[in-house]
There are 4 protein chains.
Amino acid sequence: MNTDSPISTRRDRKREEKRQAIVAAAEEVFGAKGVADASMSEIADLADVAAGTLYLYFSGKEALFFAAFAKRISTLFESTHAHWEANGPLRDRLAEVVRLHLSFVRTNRGFYEFLMTLGHPDHTSPGEFSPLIELCDSQLSLQTAAFAKAQANGEISDKLAPEFLSRALRSLAFGMVTDAVNRRKTEDLESVVEPLVELFWNGISK
Amino acid sequence: MNTDSPISTRRDRKREEKRQAIVAAAEEVFGAKGVADASMSEIADLADVAAGTLYLYFSGKEALFFAAFAKRISTLFESTHAHWEANGPLRDRLAEVVRLHLSFVRTNRGFYEFLMTLGHPDHTSPGEFSPLIELCDSQLSLQTAAFAKAQANGEISDKLAPEFLSRALRSLAFGMVTDAVNRRKTEDLESVVEPLVELFWNGISK
Amino acid sequence: MNTDSPISTRRDRKREEKRQAIVAAAEEVFGAKGVADASMSEIADLADVAAGTLYLYFSGKEALFFAAFAKRISTLFESTHAHWEANGPLRDRLAEVVRLHLSFVRTNRGFYEFLMTLGHPDHTSPGEFSPLIELCDSQLSLQTAAFAKAQANGEISDKLAPEFLSRALRSLAFGMVTDAVNRRKTEDLESVVEPLVELFWNGISK
Amino acid sequence: MNTDSPISTRRDRKREEKRQAIVAAAEEVFGAKGVADASMSEIADLADVAAGTLYLYFSGKEALFFAAFAKRISTLFESTHAHWEANGPLRDRLAEVVRLHLSFVRTNRGFYEFLMTLGHPDHTSPGEFSPLIELCDSQLSLQTAAFAKAQANGEISDKLAPEFLSRALRSLAFGMVTDAVNRRKTEDLESVVEPLVELFWNGISK
DNA sequence: GATGAATGAGGCTTCATTCAT
DNA sequence: TATGAATGAAGCCTCATTCAT
């Protein structure tokens with residue numbers, strides 16, 4: 001039966017679709033609750049599959065979490081990439097990136113929590129995380145390059161290493177979430193973005 | 001029989017000591033793993049008491065977590081208070097505070113995680129958290145006052161609200177932990193502190 | 001693929017069977033010991049399932065108890081219904097019903113205990129019990145009707161309300177169990193049934 | 001020191017008083033909740049003693065329960081004794097006794113529950129109960145005697161054994177509590193007492 | 001491949017009882 | 001004798017994972 005290949009292609013497509021559906025559900029649930037508080041059946045329900053099915057696509061809870069994390073963080077990074085590669089004044093691009101980070105953390109507390117532990121030295125098996133770490137690293141390069149170029153142009157001060165700037169930007173944006181503590185009104189993104197960019201911009205200007 | 005009062009005092013002291021031991025154990029465990037991943041028996045073991053004993057001092061897991069969180073965060077705040085109230089150049093004090101925050105987050109991931117959710121709008125019972133929120137707020141005031149004074153002195157620019165600066169400082173310091181992702185060498189605090197302060201200082205200088 | 005329906009039917013049947021097995025085990029254990037003294041694992045063991053399985057069928061201990069209670073009491077009521085609807089002298093039917101009640105209480109102390117508290121005013125959530133209360137009420141109606149008819153026929157005295165007679169009959173039968181206290185020989189049902197009916201019959205005769 | 005004896009007398013009195021206080025508290029709590037749902041500390045609190053103290057007076061929970069049960073049931077029996085020994089028409093005395101039983105059960109569900117199990121054949125150690133059983137038996141004798149006398153007088157029919165009448169009376173009164181199920185208004189004692197006595201009286205009249 | 005019922009380890013919590021003070 | 005802190009067994013329940021269908 002030479003229909004094998006087409007059939008398996010159709011199958012593969014279906015399989016891939018289901019996989020996506022599962023990851024999407026996992027993104028939703030893990031993002032909102034974090035690994036520990038999310039349950040596999042909850043994800044299965046949302047993905048509209050049986051609980052057992054999850055294990056046909058992922059080896060366990062952790063693996064599924066990793067996949068969901070990778071997906072979400074990639075999505076974020078793709079958006080920031082677009083801005084870094086665009087033209088226009090650096091300050092404006094900074095603002096966009098800050099905005100993206102801020103809103104990411106808002107709806108992805110579960111992943112942000114994990115982000116904090118990714119590089120933690122007392123992880124039992126740091127090896128497992130390396131793909132995720134690389135993923136996160138990769139995004140930084142682009143940012144770093146943008147800062148380097150701006151320093152070369154004389155657009156900003158070159159007193160601080162571009163790599164540091166890149167990391168600091170991300171940290172500042174992500175970190176502002178703790179702000180929720182004092183404000184309890186995380187809704188108005190803009191009232192945070194602008195001063196943040198202003199501060200950062202002053203910090204790096206000549 | 002005037003031994004009554006001393007007796008009860010001795011007992012109270014013992015009781016208080018045990019309470020402290022329990023909270024200390026809880027700080028350790030919750031700080032390292034977060035609420036969800038920590039188990040009560042683990043804490044009991046570390047505190048060297050039976051599992052049931054925990055419930056003589058705290059009504060449940062949540063209450064114990066709150067106590068541990070409050071203790072740790074208070075300790076941090078007391079240190080930062082000391083620096084804010086000291087004399088000396090603002091920039092140096094900034095450096096100290098950043099250092100403190102940085103090292104706090106390093107060993108208290110579990111609490112930092114919680115800090116992020118403290119003001120989260122979809123908490124079922126935000127009322128329960130108010131004491132903790134107030135605790136966190138209180139520390140900010142002191143910082144805010146310091147910034148306000150520096151602006152009045154003309155020491156720093158007054159373009160950004162002192163309250164915002166206060167929050168941003170904390171966020172920046174806390175947020176830099178995500179840096180762990182890329183570096184995996186969180187040990188060398190100093191290599192982070194200095195550029196961070198430099199950046200922030202530039203950002204707020206005239 | 002018309003196998004769908006049969007398949008799900010088979011599954012449903014199996015599920016239903018297991019549910020029945022669980023309820024049966026619960027009837028046994030709760031009936032003998034009452035809610036408080038029975039343990040879920042005991043029931044699980046008797047039903048030959050894992051402890052966790054119980055929670056796939058019932059939301060918790062209370063729900064399982066209710067189901068078991070409803071089952072047992074329904075069984076009792078179905079038997080009494082049969083007698084009330086049959087023809088034959090009222091006195092004989094009375095005897096049968098008394099016999100049934102008596103033997104019910106003997107092996108269902110746990111449920112009888114609960115029966116006593118069903119209408120208790122200081123139940124926290126009386127609402128939850130209403131289905132059970134209705135169940136118990138429903139049986140009374142039939143009895144009441146039988147007494148009313150007998151009064152209309154002039155078969156018995158009409159000095160007491162038929163509804164009261166209905167309740168008194170049940171109470172007398174159920175209550176005779178306390179007799180166990182003095183006799184320790186609950187085995188000989190008959191030696192209780194006959195005088196009881198005689199007494200009641202005299203009480204209601206013209 | 002020849003003060004020994006008076007001192008120990010005073011001590012004994014004090015000890016006795018405390019014992020009474022404990023039993024009183026136990027009556028309250030066990031009566032309301034039954035053995036299983038009552039807790040020792042609850043009783044200790046109510047008696048205003050430390051938890052450990054209970055064990056200086058009673059060997060354990062069960063022993064305390066027995067003491068409380070014996071106390072309450074004795075109190076009930078003393079009241080009924082008074083009525084049986086009084087003069088006056090039998091019917092009136094019946095009414096009083098019914099009233100007493102009814103109101104006993106109302107506030108002593110916990111003990112009534114136990115009453116039902118007292119003679120249960122599958123009690124592990126029936127021997128332990130014999131004092132309680134005797135206690136309950138003793139009350140019956142008086143009632144039985146009263147019925148026997150009434151039969152001798154020709155006041156009531158002698159078709160049923162006086163002992164049976166005695167037991168039936170108690171059962172009927174106790175059993176009417178299940179009535180709560182259908183009525184949910186156990187408050188109006190009188191609306192139950194009168195028809196009950198009427199029914200019973202008819203049942204035993206000539 | 002998909003299902004979802006079943007499992008059972010493990011977590012939180014309560015409470016009768018003991019024992020050092 | 002009285003205390004009440006401490007214990008730890010036992011109970012209820014959840015949920016990641018497996019496996020027969």
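First the proteins, then the strands, lettered A, B, ... as listed; each starts at 1. As a basis for the values below, the full set of heavy atoms in this structure was taken, side chains included, without hydrogen atoms, waters or symmetry mates.
What you find for Ala70(B) and Leu132(B) is that their closest heavy atoms are CB-CD2, 4.1 Å. When all heavy atoms of Thr107(A) and Arg72(A) are compared, the closest pair comes out as O-NH1, 4.1 Å.
Distance NZ (Lys33(A)) to C1' (dC15(F)): 13 Å, rounded to an integer number of Å. Taking atom CZ on Phe58(B) and atom C1' on dT14(E), their separation rounds to 18 Å, with Å as the unit. One atom, CG of Asp45(D), and another, P of dA16(E), lie 12 Å apart when rounded to the nearest Å. Between the CZ atom of Arg19(D) and the C1' atom of dA2(F) there is a distance of 17 Å, given to the nearest Å. Lys61(B) places its NZ atom 12 Å from the C1' atom of dT13(E), with the value rounded to the nearest Å. Rounded to whole Å, the distance from CD on Glu16(D) to P on dT1(F) is 13 Å. Distance, Glu62(A) CD to dT17(F) C1': 14 Å, rounded to whole Å.
Remark: Glu113(A) engages Arg109(A) in a salt bridge, criterion side-chain N to carboxylate O under 4.0 Å.
Within the model, atoms CD1 of Ile43(A) and CG of Leu54(A) stand 7.0 Å from one another, a figure rounded to the nearest 0.5 Å. Taking CG from Leu56(B) and CZ from Phe58(B), the interatomic distance works out to 11.0 Å, rounded to the nearest 0.5 Å.
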### Task
Run the numbers on Phe65(A) and Phe114(A) for ring pair (Phe, Tyr, Trp, His ring centres under 6.0 Å), then give the verdict.
CA-CA 10 Å; Phe65(A) 179 81; Phe114(A) 177 69; 4.9 Å; yes
### Residue pair Phe30(B), Lys61(B): steps toward the side chain to side chain contact (heavy atoms under 4.5 Å, CB included) verdict
CA-CA 10 Å; Phe30(B) 283 136; Lys61(B) 194 185 193 186; 4.2 Å; yes
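Looking at residues two or more places apart in sequence or on another chain, you find a side-chain hydrogen bond (donor to acceptor under 3.5 Å, both in side chains) between Ser41(C) and Ser39(C). Taking the side-chain hydrogen bond (donor to acceptor under 3.5 Å, both in side chains) definition, one finds that Lys18(A) meets it with nothing, sequence neighbours left out.
Within the structure, no pair that satisfies the side-chain hydrogen bond (donor to acceptor under 3.5 Å, both in side chains) test touches residues 43-58 of chain C, not counting sequence neighbours.
Contacts between residues 34-42 of chain A and DNA chain F, defined by a heavy-atom separation under 4.0 Å, are made by Ala38(A), Ser39(A), Met40(A).
At the phosphate of dC13(F), OP1 or OP2 sits under 4.0 Å from a side-chain N or O atom of Tyr55(C).
Of the possible donor and acceptor atoms, none in the side chain of Lys71(B) sits under 3.5 Å from a partner among the backbone N and O of Gln20(B).
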### Message
So if I define the base as every atom that isn't primed, P, OP1 or OP2, how would nucleotides 4-9 of chain E read as a B/S/- string at a heavy-atom cutoff under 4.0 Å?
### Response
BSBBB-
### Message
Dot-bracket for DNA chain F, please. Rules: Watson-Crick or G-U, both distances under 3.5 Å, ( ) within the strand, [ ] when a pair crosses earlier ones, | for another strand, . otherwise.
### Response
.||||||||||||||||||||
